[in-house]
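Inspection log for the structure reproduced underneath, given as structure tokens.
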Amino acid sequence: MYTESDLEKINTELSPPEEEPERQYFYIDMCRRYLLEKEKEKGRKLTCGVFTFGCQMNFHDSEKIIAILQQIGYENIDSEDADFVIYNTCTVRENANERVYGRLGQLKARKKKNPDSIIALCGCMMQEEHVIKKIRESYSYVDLIFGTHNIYKFAELLYTRFISERQIIDIWKEAGGIVEELPVQRKFSFKTGLNIMYGCNNFCSYCIVPYVRGRERSRKPEDIISEAERLAGEGVKEIMLLGQNVNSYGKNLKPEITFAELLKRVADIDGLERIRFMTSHPKDLSDELITTMKEQKKICRHIHLPLQSGSTRILQKMNRRYTKEDYLALVYKLREAMPDISITTDIITGFPGETEEDFKETLDVVKTVKFDSAFTFKYSKRTGTPAASMDNQVPDDVVKERFDRLLLAVQEAANERTGRFEEHVKPVLVEEINEHNPNMVTGRLENNTVVHFAGDASLIGQIVDVKLSECKGFYYIGEIINK
Ligand code: SAH
Ligand code: SF4
Ligand code: F3S
């Protein structure tokens, strides 16, 4: 079996292995040999830039792409001037798509200057037929296009492009099996994401994700635990368990396992100090999960619990399967179990048929719950979703006016909530040197709030106690207590 460390031993005269991930390690090596030749030709190292749109899931996928590119021999320069540029796209709202088309347009001139350069596209947008049609017609200079289900084949696809010099498009309508043990390059050495499941079965009526990410598939608990143990062994202190709806983890596994049981097993791993998860769907949030969060100190006192709307009538049209009262009851239970918990959310304004009365229900929930922060979105029509063909689409000016009012309400509550730890001493995981002041460092509280305080690079990756001296709206200025 080929593994990462066997790269040198791979006999590339042989035909590629059928098994995964061995097959991909074979192609990584083939690509590396090809790139070495190119380096000799050009007399310099070749460079890459990976640009990611969308959610944590996409950012984690990009870490896999970066790892493969680095193993192949590319130097990651985070610039669109690179020899290999890839956009990992998102299509959850129309503006995410527009940004990609805009950036692609600008790359055309760069490609003229460096005709050997390679442009690739992957991610959720690529799973939509109309997008592929548009790229074929208007962006023929894109070299390689693949989707969300075959990302593990990236090395093989890239090699095909290297040797064929034609546009390669490979999109799978459905997901195959889950391929384990591919390389990952972490952005931070001390914290990372870990997929526990892929896809989504919920079909919220506005949302494209189930169409572009496929049906829900949970990874086996033993694969998750062994990856988490390996990460802890490599010095990772904080892990974010990722899935579109982590609360339904394990329902399609045999034997079944609940998300709370998985969390307990992850929390038992020595070395891990903070465990986060995203995203929780309110309809599946169990009492068992609340109790587990309360009992396991390593699980961060933070939950991202998308509300979407405060109107039960609209929630029903959204196919969210909870009511305003259900949502408020959950918040109450969470706060009763953990009074210091931070609750964050996502809210959409302007869903088809949303009236002023419905919107006021949303404002009412925002004012009642007082979220620690909230992502607010204007409803965006996604082709193929049930909501796209619903009557009474809300006019843009009405959506904008409601969005502005919502933002004000959200900010007011968030300011009040964020500041509640002023003068407290709290553990902070230090992430980096402060962007603006080299004598300061920046880190995060358990609830993800940013804290800046005096310190140096030796603190990066450590969890230290910091006095939160002053709240400046959505972040704190603090003072280190011990080292
Ligand atoms: N699985 C997560 C959400 C993933 S998408 C969940 O169910 O909570 C992230 C957010 O994008 C959603 O919570 C929703 O608020 C927003 N969103 C999704 N589709 C949208 C659309 N068509 N228009 C506007 N916002 C949308
Ligand atoms: Fe989209 Fe709903 Fe699935 Fe979240 S749960 S990804 S909003 S369909
Ligand atoms: Fe976007 Fe795909 Fe995530 S559509 S929000 S990147 S799952």
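Counting begins at 1 with the first residue of the sequence. Ligands are counted one by one from 1 in listed order, and the atoms in each one are counted from 1 as well.
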Task: Heavy atom of the protein closest to atom 7 (S) of ligand 3 (residue, atom name, distance) - done: Q244 NE2, 3.2 Å
Task: Amino acids contacting ligand 1, non-hydrogen cut-off under 4.0 Å - done: V92, R93, Y206, Q244, T279, P306, Q308, R320, D346, I348, F377, K378, Y379, S380, R382
Task: Neighbour count >12 (heavy atoms, 6.0 Å) for atom NZ, K297 - done: yes
Task: Heavy atoms from other residues, nucleotides or ligands near NZ of K64 exceed 12 (cutoff 6.0 Å) - done: yes
Task: Test applied, salt bridge (charged side-chain N to carboxylate O under 4.0 Å, His left out); reference residue, E238; option that passes from R444, R274, K298 - done: R274
Task: Residue pairs involving residues 333-372 (criterion ring pair (Phe, Tyr, Trp, His ring centres under 6.0 Å); sequence neighbours excluded) - done: F351-Y379
Task: Rounded distance (nearest 0.5 Å) linking atom CD1 of I196 with atom CD1 of I225 - done: 10.0 Å
TODO: Would you mind checking if R402 and E354 are paired as a salt bridge, meaning a charged N to carboxylate O distance below 4.0 Å?
DONE: yes
Task: Sidechain-backbone polar pair: T345 side chain, L305 backbone, donor-acceptor under 3.5 Å - done: yes
Open item on the list: Looking only at side-chain N and O atoms, does T91 offer a donor or acceptor that is under 3.5 Å from a partner on N97?
Closed with: yes
Task: More than 12 heavy atoms from other groups under 6.0 Å of CZ on F375 - done: no
Open item on the list: Determine whether the aromatic ring centres of residues F203 and Y211 are separated by less than 6.0 angstrom.
Closed with: yes
Task: N58 side chain vs T52 backbone, donor-acceptor pair below 3.5 Å - done: no
Task: For atom 1 (Fe) of ligand 3, every protein N/O/S atom that sits closer than 2.8 Å, waters excluded - done: C90 SG
- [ ] Please say which of Q167, K111, R166 ends up in a side-chain hydrogen bond (donor to acceptor under 3.5 Å, both in side chains) with D143.
- [x] K111
Task: ligand 3 versus M125: contacting region, heavy-atom distance under 4.0 Å - done: neither
Open item on the list: Over 60° means perpendicular and under 30° means parallel, so tell me whether H452 and Y475 are parallel, tilted or perpendicular.
Closed with: perpendicular
Task: Ring geometry between W172 and Y152 (parallel below 30°, tilted from 30 to 60°, perpendicular above 60°) - done: perpendicular
Open item on the list: Residues around ligand 2, heavy atom under 4.0 Å from any ligand atom, sorted by chain and number. Can you pull those?
Closed with: C200, N202, F203, C204, Y206, C207, V209, P210, Q244, H281, R320
